[in-house]
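Single-structure report; data block below.
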Amino acid sequence: MRRLAQLALLVCLCALASAALAVDRGQFEHVPPDIRNWFKSVIAPNGVPCCDISDGHRTSYDVRDGVYWVPIQGQWMAVPDRAVIRDHGNPIGEAVVWYVHHRGSIIISCFVPADAV
């Protein structure tokens, strides 16, 4: 349980550290309020907020042996089960992945498949 809490803290800190890189510079000004609110309300199963619209990346995905895989920077990565959000819906109809860079690695913090209900 302590390890899970440490991981949640790490993901949260990484998300805050990367916030300066993922900034809304007006590119999302035409996003409808309901979609903007959805992005702000998505929370990972471990209780960590996924952050905001500027932090989420629309993505394609594949399912291999029951595990979601997403391409990030040209590399297919397995989505950890702790990051998959199945019960928050998906009003945009495309999969969205939230990830951060930490010590040379990519950590997937949240993933919502296109058909989430």
Side-chain angles (χ1 to χ4, degrees):
M1 187 66 171
R2 184 174 181 185
R3 178 107 169 117
L4 182 60
Q6 289 173 337
L7 181 61
L9 178 62
L10 173 67
V11 169
C12 221
L13 290 174
C14 289
L16 290 174
S18 68
L21 299 174
V23 177
D24 183 349
R25 294 189 174 100
Q27 71 268 37
F28 303 112
E29 66 186 353
H30 299 294
V31 174
D34 60 323
I35 302 296
R36 184 179 303 277
N37 290 337
W38 177 80
F39 271 96
K40 291 181 181 200
S41 69
V42 180
I43 296 175
N46 61 8
V48 176
C50 298
C51 290
D52 206 341
I53 193 167
S54 60
D55 304 307
H57 303 268
R58 294 174 189 227
T59 187
S60 57
Y61 66 95
D62 192 16
V63 180
R64 304 174 191 169
D65 295 323
V67 176
Y68 290 103
W69 287 76
V70 295
I72 298 176
Q73 298 177 344
Q75 174 185 348
W76 282 89
M77 299 182 67
V79 177
D81 195 51
R82 64 164 170 72
V84 179
I85 302 161
R86 297 177 177 93
D87 62 352
H88 206 71
N90 184 339
I92 62 171
E94 292 180 72
V96 181
V97 63
W98 288 260
Y99 61 89
V100 295
H101 293 272
H102 180 69
R103 296 185 180 184
S105 297
I106 295 173
I107 300 172
I108 297 173
S109 52
C110 298
F111 173 74
V112 178
D115 59 354
V117 290

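Residue pairs satisfying the disulfide bond (SG atoms under 2.5 Å apart) criterion with at least one member in residues 71-105, sequence neighbours excluded, are absent. Pairs of residues two or more places apart, or lying in two chains, that qualify as salt bridge (charged side-chain N to carboxylate O under 4.0 Å, His left out) and include a residue from residues 91-102 are R58-E94. Counting only residues at least two apart or on different chains, the disulfide bond (SG atoms under 2.5 Å apart) pairs with a member in residues 62-113 are C50-C110. Counting only residues at least two apart or on different chains, no salt bridge (charged side-chain N to carboxylate O under 4.0 Å, His left out) pair has a member in residues 97-114.
Using cut-offs of 30° and 60° on the angle between ring planes, the pair Y61 and F111 is perpendicular.
Going from atom OH of Y99 over to atom OG1 of T59 covers 8.5 Å, rounded to the nearest 0.5 Å. Summarising the geometry, atom OG belonging to S109 is positioned 13.0 Å from atom NE2 belonging to H102; distances are rounded to the nearest 0.5 Å.
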Exercise for the section: For W98 and V48, run side chain to side chain contact (heavy atoms under 4.5 Å, CB included): C-alpha distance rounded to whole Å, both residues' side-chain angles, the deciding distance at 0.1 Å, then the answer. Expected result: CA-CA 12 Å; W98 288 260; V48 176; over 6 Å; no
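Side-chain heavy-atom separations under 4.5 angstrom define the hydrophobic clusters, and the remaining members of the one that includes W76 are V67, W69.
Listed by chain and residue number, R64 satisfy the side-chain hydrogen bond (donor to acceptor under 3.5 Å, both in side chains) test with D62 (two or more places apart in sequence, or in another chain). Listed by chain and residue number, R82, A83, I108 satisfy the side-chain contact (heavy atoms from CB on, under 4.5 Å) test with P80 (two or more places apart in sequence, or in another chain). Every residue meeting the side-chain hydrogen bond (donor to acceptor under 3.5 Å, both in side chains) condition with D81, not counting sequence neighbours, appears here in chain and number order: R86. Partners of I35 under the side-chain contact (heavy atoms from CB on, under 4.5 Å) rule, at least two apart in sequence or in another chain, are V31, P32, F39, P91, I92. Every residue was checked against the side-chain hydrogen bond (donor to acceptor under 3.5 Å, both in side chains) condition with S60, not counting sequence neighbours, and none meets it. Taking the side-chain hydrogen bond (donor to acceptor under 3.5 Å, both in side chains) definition, one finds that Q73 meets it with H101, sequence neighbours left out.
Considering every non-hydrogen atom in both A114 and N90, the closest pair reads CA-ND2, 3.6 Å. Nearest heavy atom pair, residue I85 against residue I43, reads CD1-O, 3.7 Å.
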